[in-house]
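Encoded as structure tokens, the structure appears first; notes follow it.
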Amino acid sequence: MSLRRIRLLIWKEFLQLSRDRMILPILIIMPLLQLVLFGYVVGADIKDLRLAVLDRDGTTVSRSVTEAFTAAEYFKLTVRAHNDADVQRALDGNRASVAIEIPKGFADQVERGESAQLQLIVDGSDGRVSQMAGAYAAGIVNRLNTELYPRQAALAKGNVGIDARTRVLFNPAVRAINTMVPGLLAFILLISTSAIMSQAVVKERERGTLEQLFVTPVGRTEYLTGKLVPYALVSVVQASVVFTVGTLWFKVPFRGSGFVLALGLALFLFTSLGMGLLISLVSRTRQQAQQMIIFLQMPQMILSGFMFPLEVLPKWLYAVTFVVPLRYILVVVRSVFLKGSGLAELWPQFAALTVFAVGIFALGLSRFHKQLSD
Amino acid sequence: MTTGHDIEPALDIRDLHKEFASAVAVDGVTMTIPRGEVFGLVGPDGAGKSTLIRLLTTVMVPTSGDALVFGNSVRTQSDAIKPRIGYMSQAFSLYGDLTVRENLNFFAELRGVSRADAAKRATKLLEFSTLTEFAGRQAQFLSGGMKQKLALAVTLISEPDLLFLDEPTTGVDPVSRREFWRIISDLNRQGITVFVATPYMDEAERCTEIAFMNHGRIILRDTPEGVKSRVRGDVLEIGVADYRAAMLVLRALPFVRSVDAAGEILRVLVDATDRKSEFEDRIRAALTDAGFPVTMMRDGVADLEMAFATLIPTGESAGSSAEELAAVTG
């Protein structure tokens, strides 16, 4: 191992990066674009759900219920219904995706301190809308309860109160973006590292420069170090950009330790560099490597909990998720960000990540050595 | 260079084999090449020339056998070999996105050439290869001939004692090819041993010795003169209006061993007998009958093209080549 040669290889790699007019902008813009797209679109809370109200009670109390719903930015009153048929038409005609029905005598029941029923009808054709609508409604009803039943609320959680029929567990305080941004940190690291790494190695082999390097005193390990370090550094820059924009612009809270986060990401970095290396070994051309990255991207998104909760997967598919490294780093970044978890809580994930980092990286290394001698 | 090593031949190849999953690329090559030669390796595509060079440059590990480069085993002493050799592979294998000078500096430093030496040599090499005015240009924007000269300059920056060139002028225009070979000759005069694989017979002609490789084996090794003298038969040079069509007519004649075109002149090898003048008459008659009257006919000498065309019949099977060659050359 010669530090001088490694430094030279790293310098060469950066020189090449600087000559490529496309790659550097892509490396910085891509994570930002993903952050904005995922952050604003996928991770955004649904707002302005169209609401139909059928107020059969027509009292001050019942009107305060309607106001409570429309005051929050989640719902927008579009239809004032006068009977069941109106409600049905509004939902059928997509003029409302949520309807509340306040029965006659609602105010009386509230005044007597009895349970009052509130009917919530949700358009189930969009699973995401119905789930969120239910969750928002539950939050609003909770608040209403403390206003309308001050005594009971002061006492304890009683059975008395407005009984909203929809019950979906959700904590409105945790915004979807708060889970999306930390996830992106890991995901971008995975995609860009494995993609650029595999491209760089395949390019070198395609052009014959790899062969040329191996009639110089450069050893296999020196070569790989010279290849890995630049792309690891690029990933660190990318991760820093996502972290900074995520916490400052999207206001994602960071409650944990930077050290734990960095450690987890470093382990994951090795895993994805190793994957990039493996991809470069099975690909003859850069196009093939690119196809392979895209081919692997989708399953990793689905099978890691990045886009959808793992609980929705069927059992056999759920079993597959155990071998997806992204799954573990997602738990780490999200927990460190939002719960401030440390190594004590996250040791199983860290153990898994270590196994992957060592395993995949070592496999990549040994295959690399073998292929070159053939 | 130590004196003890200087008595070693440049290359001492001992029963070298390289097998791939699908084919045997090098099938038992044994030969010794002394220092100071320009050794030409010729043979058809897929003969195993590139693989042999990769084995000798330690880029690949042999399946069995060994080769000594200046006395060092390619199996176990590649670290001792690498500093003394230069290797120019078939494809342009430099960094296209680095400039001419950056490529030179990069490989110089990688090979442990000091900065001062590298700068001095780079200036000399750029001048030598007439690339000085393109020093700041990215290598990918050079012409084919300039790329090859740059590749050569890069392999020379560490001042190797043995230079491996794998089809160095493929895809290069004729002027640049001549220029390239002028450089090779100059280098050889300075004492550098050259091992060059080439598909071009005019390039093989410039070598001090040539080996013909086919199906992974060396089946003939001689000086260019020696190879040509092995050709049995008489050579006729014929001028004719439509030489392409005339070639087909001539090939149909039973006593014609080979026909090839040098410019618009046909070079015909006929059986070696005392009936040469009879053959000449029959050729005239056949061409006139076919509507291509002969405008010129004279005696010629065998060249390498002709030698290999007759020594190595196309479409033969592996293993039979040596026997056939023995039969042809006697």
Side-chain angles (χ1 to χ4, degrees), chain A residues 1-24 26 196 199-227 230 281-282 284-286 366-374, chain B residues 18-21 25 50-51 53-63 69 74-75 78-99 102-103 105-115 138-141 151 154-155 157-158 160 162-164 166:
Chain A
M1 287 280 270
S2 148
L3 273 177
R4 177 166 170 246
R5 283 198 291 268
I6 292 173
R7 223 174 38 227
L8 186 67
L9 288 166
I10 294 172
W11 170 82
K12 186 264 303 178
E13 208 69 35
F14 275 119
L15 198 59
Q16 284 188 291
L17 275 177
S18 73
R19 291 285 151 76
D20 193 328
R21 279 189 204 136
M22 292 299 291
I23 195 87
L24 270 185
I26 287 175
I196 310 164
Q199 291 287 308
V201 175
V202 174
K203 180 176 165 187
E204 191 123 63
R205 209 179 42 208
E206 223 178 28
R207 297 261 175 97
T209 45
L210 192 61
E211 202 172 75
Q212 196 54 244
L213 283 180
F214 288 131
V215 285
T216 72
V218 169
R220 269 68 162 151
T221 319
E222 287 170 0
Y223 170 76
L224 273 182
T225 313
K227 212 47 151 184
L281 293 177
V282 295
R284 288 261 139 246
T285 64
R286 274 182 283 172
S366 71
R367 295 292 310 167
F368 184 71
H369 279 246
K370 190 183 172 309
Q371 187 166 353
L372 285 174
S373 57
D374 272 348
Chain B
K18 180 65 185 180
E19 287 167 26
F20 295 111
S50 295
T51 306
I53 288 184
R54 288 202 176 102
L55 294 175
L56 298 177
T57 50
T58 74
V59 172
M60 273 184 187
V61 179
T63 311
V69 181
V74 294
R75 285 185 171 279
S78 65
D79 286 348
I81 294 173
K82 283 174 184 175
R84 301 193 62 184
I85 62 168
Y87 167 47
M88 193 176 145
S89 57
Q90 202 166 348
F92 176 67
S93 55
L94 298 176
Y95 295 100
D97 37 15
L98 300 190
T99 67
E102 283 164 351
N103 269 297
N105 288 344
F106 175 71
F107 282 100
E109 203 167 327
L110 215 50
R111 285 167 166 275
V113 179
S114 76
R115 288 251 166 101
Q138 284 185 34
Q140 58 189 333
F141 300 124
V154 165
T155 57
I157 194 92
S158 60
L162 171 59
L163 199 54
F164 289 96
D166 191 0

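In what follows, chains are A, B, ... by sequence order, proteins preceding strands, each numbered from 1.
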Nearest heavy atoms of [X] and [Y], plus distance in Å:
X       : Y       : result
S93(B)  : G208(A) : CB-O, 3.2 Å
F214(A) : T58(B)  : O-OG1, 4.4 Å
L98(B)  : K12(A)  : CD1-CG, 3.8 Å
L110(B) : P217(A) : O-CD, 3.5 Å

Report yes if the side chains of [X] and [Y] come closer than 4.5 Å at any heavy-atom pair, otherwise no.
X       : Y       : result
R19(A)  : T99(B)  : yes
K82(B)  : T216(A) : no
R111(B) : V215(A) : yes
L213(A) : F106(B) : yes

Segment of [X] engaging chain A (4.5 angstrom heavy-atom cut-off):
X       : answer
Q90(B)  : neither
S78(B)  : neither
F107(B) : side chain

Is there a salt bridge (charged side-chain N to carboxylate O under 4.0 Å, His left out) between K203(A) and D97(B) once you walk through the steps?
CA-CA 12 Å; K203(A) 180 176 165 187; D97(B) 37 15; 3.2 Å; yes

Backbone N/O of Y87(B) and side chain of Q212(A): donor-acceptor pair under 3.5 Å:
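Side chain of Q212(A) to backbone of Y87(B), a donor-acceptor pair under 3.5 Å: yes, one is there.
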
Spacing of E102(B) atom CD and Q16(A) atom CD [to the nearest 0.5 Å]
9.5 Å

E204(A) portion near chain B, given a 4.5 angstrom heavy-atom threshold:
side chain

Max heavy-atom pair count under 4.5 Å with chain B, selected residue of R4(A), R5(A), E211(A)
E211(A)

